[in-house]
Amino acid sequence: MDLYDEIENVKNVGAQRKTALNKLNIFTVLDLIEYFPRDYDDRSKIKNINELILDEVNTFKGVVSNIPEIIKTKSMSITKAKISDSTGIIEAVWFNQPYLKNTFKLNTEFIFTGKVVKKYSKLQAESPDFEIISGNELLSNGRIVPIYSLTAKLSQKVIRSLINSVINDIVHQIEDFLPDDVINEYNLCSRKYAVKNIHFPESSKAFFSSRKRLVFEELFLMQMKLLQIKGIVKGSENGFPLKDIDTSEIENKLAFKLTNAQKKVVSEFINDITGKSVMNRLVQGDVGSGKTAVALICVYIMAKNGYQSAVMAPTDVLANQHFLYFKNILEDLDIKCVFLGGNLTKKEKRRVYDAIETGFAKVVIGTHAIIEGGVNFDNLALAITDEQHRFGVRQRDILTKKGTCPHVLVMTATPIPRTLALILYGDLDISVIDSLPPGRQKIDTFAVTDAYRKRMYGFMKKLIDSGRQAYIICPMIEENEKIRANSVISYTEKIKKDDFEGYRVECIHGKMKSDEKNYIMNEFSNGNIDILVATTVIEVGIDVPNAVVMVIENAERFGLSQLHQLRGRVGRGKEKSYCILVSNSNSDVSRKRLKVMTNSSDGFEISGKDLELRGPGDFFGTRQHGLPEMKIANLYKDVDILKLVQKAALKLYSDDPNLEKTENKKLKIEIERLFTDIQGVL
Ligand code: ADP
Ligand code: MG
């Protein structure tokens with residue numbers, strides 16, 4: 001057998017198990033041995049029968065001392081077997097498994113793990129896990145036992161035995177691909193040992209050293225690849241001396257006083273840009289915390305000193321909203337702003353390009369149209385990306401390269417674990433806007449079924465009648481934008497006719513032209529539309545404080561962080577706001593996820609839960625970051641190992657960037673194998 005053999009060639013894998021394994025993304029032998037346990041159960045302490053602790057799970061050994069009896073009641077059958085050792089007797093019972101009668105042959109020795117209770121003054125083990133002792137390796141008892149995430153038609157016992165037999169068969173083929181120097185310097189155990197002991201640890205010590213090895217190598221491979229793509233990012237010298245950093249003029253123009261949290265971030269920014277090296281800062285602040293105003297002030301300082309700034313947003317509507325807001329305030333102060341989006345005519349574009357190239361425009365706001373080839377800056381000193389998690393690493397790099405080492409500010413509401421931030425952005429500083437502006441009320445969130453639709457619409461009408469506005473997010477029926485657009489349009493027509501006659505209902509979706517979208521958004525913003533039916537084009541950034549209801553149809557189809565972003569469209573003013581999640585799904589996971597939403601309003605907590613419920617692969621999906629799925633490293637917890645990894649990778653990269661030396665050959669092959677197709681995404 002070979003590591004890359006298909007799973008159906010493994011002994012004891014038939015069609016049904018193959019399908020079940022495929023569901024877990026296990027297609028090859030290698031996939032199977034890299035299917036790491038999600039947890040462990042320590043069953044290594046084997047007790048004598050007279051040492052068993054009542055009402056707890058115990059592991060014990062014994063021989064079958066009577067022929068098992070089967071008791072039939074109306075609703076079930078009970079199999080009872082007596083088990084004894086030299087210290088006592090215990091009765092083991094199983095429900096509705098009459099075939100077990102033949103398993104427990106008289107006088108054979110078994111090991112059991114299960115809850116022990118006292119029944120009619122006798123000891124009883126309830127449906128214990130069991131394994132025969134006959135010289136076979138014990139996999140489910142008498143040791144630290146792995147627990148795997150499973151799917152239907154696959155039991156812990158089966159997957160344990162498949163993995164164990166595969167490991168035993170191919171263990172000699174598992175080779176170290178990390179260079180010896182790294183293995184020695186960081187005291188890593190061998191890969192062979194690690195693979196065996198991550199599944200079936202000999203001891204807890206063996207587990208920890210195996211896990212360290214596997215986490216180390218997973219992060220190391222990724223870090224090496226990123227170094228190869230981006231090179232070493234050195235802190236460049238700050239080439240933008242400033243004469244005037246007073247911000248009182250612009251602060252007076254704002255409709256509010258900055259919160260202390262915002263002030264802190266502004267002062268961190270000022271500290272950076274007056275320092276020796278170029279700024280590289282991530283501003284993290286939950287939805288609605290007021291990141292835009294911070295960006296505005298930063299841009300203002302740059303412009304006042306004669307430098308250009310660029311602000312890039314992921315959607316047309318958001319870029320346009322930012323543009324109107326910035327322009328409105330900055331042009332009063334004689335700072336010229338221009339917009340760059342996909343909708344401009346050739347002629348308009350030319351004019352904007354000229355204004356940027358001559359330095360006449362000090363502030364450029366737009367979508368990724370900003371990073372197109374034709375755009376040349378006069379003296380770009382500050383590159384800001386809003387909703388950074390929507391951009392790839394590469395897009396941000398292109399924006400930065402539009403200038404000569406400009407300061408970089410990235411803003412996001414999606415909390416990025418420190419580990420991932422370090423991997424993606426290298427050494428960057430993080431500012432946190434850790435409180436919301438004053439007067440905000442908690443957004444009341446409800447999960448309802450279709451049955452509540454009439455009441456929900458009635459509730460919306462009441463709020464609209466009192467002057468407020470509402471959003472309805474339509475289900476994402478398909479990835480296909482066109483079909484999605486149609487469903488939004490027909491939903492809008494329907495409620496206009498049936499439920500909201502006389503109300504001003506409009507829709508917005510991705511298939512509309514930029515100008516149309518901006519027109520609708522402005523109408524909504526100005527209060528000329530009561531209900532805006534939308535796809536997720538309004539997911540990030542949109543700011544209309546008078547909107548106080550967010551209805552999300554088929555809420556189970558959205559990720560939790562996405563729901564949190566959508567909910568963040570309301571609750572932006574002083575009025576009480578509501579979020580209603582409509583879902584008819586009965587699935588356990590769906591219900592758990594919606595419960596997270598109704599219980600929590602904290603973006604950090606929610607994204608943690610998202611990670612738990614979906615797994616890291618999904619959460620930091622390849623689409624978002626271009627990074628491969630993490631098999632074992634935990635992006636929240638493995639910061640210490642990551643620091644070692646970064647040191648080791650940097651050293652190796654400086655010594656042999658293309659991994660051409662003989663001792664690095666195996667590593668090179670492994671990196672190529674893992675990252676065949678991420679280059680384009682990054
Ligand atoms: P986000 O962090 O989600 O980008 P925004 O910058 O869009 O948040 O701000 C959300 C809302 O809060 C906006 O309506 C904005 O005008 C308002 N806001 C921002 N800062 C303050 C403040 N210090 N006091 C009161 N309202 C504020
Ligand atoms: Mg924002």
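Read the numbers this way: they start at 1 and go in the same order the structure lists the ligands and their atoms. For the single chain, residues carry numbers from 1 onward in sequence order. Predicted model, so just to flag it, every value in this text is computed and none were measured.
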Among protein heavy atoms, which lies nearest [atom], and at what distance?
{"atom": "atom 13 (C) of ligand 1", "answer": "D543 OD2, 3.1 Å"}
{"atom": "atom 2 (O) of ligand 1", "answer": "K291 NZ, 2.8 Å"}
{"atom": "atom 3 (O) of ligand 1", "answer": "G288 N, 2.6 Å"}
{"atom": "atom 20 (N) of ligand 1", "answer": "Q262 NE2, 3.0 Å"}
{"atom": "atom 10 (C) of ligand 1", "answer": "R572 NH1, 3.1 Å"}

Polar contact flag for F256 and ligand 1 (N/O pairs, less than 3.5 Å) |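 The answer is no, given that F256 and ligand 1 share no N or O pair closer than 3.5 Å.
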
Are any of the N or O atoms of G290 closer than 3.5 Å to those of ligand 1?
->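 Between G290 and ligand 1, an N or O pair is found under 3.5 Å apart.
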
Which is it for [X] and ligand 1 at heavy atoms under 4.0 Å: side chain, backbone, both or neither?
{"X": "T292", "answer": "both"}
{"X": "K257", "answer": "backbone"}
{"X": "S289", "answer": "both"}
{"X": "R569", "answer": "neither"}
{"X": "L258", "answer": "backbone"}

With side chains defined as the heavy atoms from C-beta onward, is the minimum distance between [X] and [Y] less than 4.5 Å?
{"X": "Q284", "Y": "T412", "answer": "yes"}
{"X": "V549", "Y": "I464", "answer": "no"}
{"X": "L563", "Y": "L594", "answer": "yes"}

Run the numbers for me: atoms of ligand 1, each under 4.0 Å from some heavy atom of [X], listed by number.
{"X": "V287", "result": "3 (O)"}
{"X": "P545", "result": "14 (O)"}
{"X": "T259", "result": "23 (N)"}

Do [X] and [Y] sit within salt-bridge range, that is, some charged N less than 4.0 Å from a carboxylate O?
{"X": "E387", "Y": "K291", "answer": "no"}
{"X": "K576", "Y": "D444", "answer": "yes"}
{"X": "K264", "Y": "D434", "answer": "yes"}

Do Y457 and K461 have a side chain donor and acceptor closer than 3.5 Å?
->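 Distance-only check fails for Y457 and K461.
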
Main-chain N/O of I270 paired with T274 side-chain donor or acceptor, under 3.5 Å =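 Yes, because the side chain of T274 sits within donor-acceptor range (under 3.5 Å) of the backbone of I270.
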
What class does the angle between the rings of F323 and F339 fall in, given that below 30° is parallel, 30 to 60° is tilted and above 60° is perpendicular?
->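 Answer is tilted, since the angle falls between 30° and 60°.
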
Taking atom NZ of K643 as the centre, does the number of heavy atoms from other residues, nucleotides or ligands within less than 6.0 Å exceed 12?
->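 12 or below, so no.
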
Give a yes/no verdict on whether any heavy atom in R440 is under 4.0 Å from an atom of ligand 1.
->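 R440 counts as a contact of ligand 1 under the 4.0 Å cut-off.
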
Look at ligand 1 and say whether G285 reaches it with a heavy atom at a distance under 4.0 Å.
->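 No, that is not the case, since the closest heavy atom of the residue is not under 4.0 Å from the ligand.
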
Is the centre of the Y452 ring less than 6.0 Å from the centre of the F446 ring?
->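 Here the rings of F446 and Y452 have centres that are no less than 6.0 Å from each other.
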
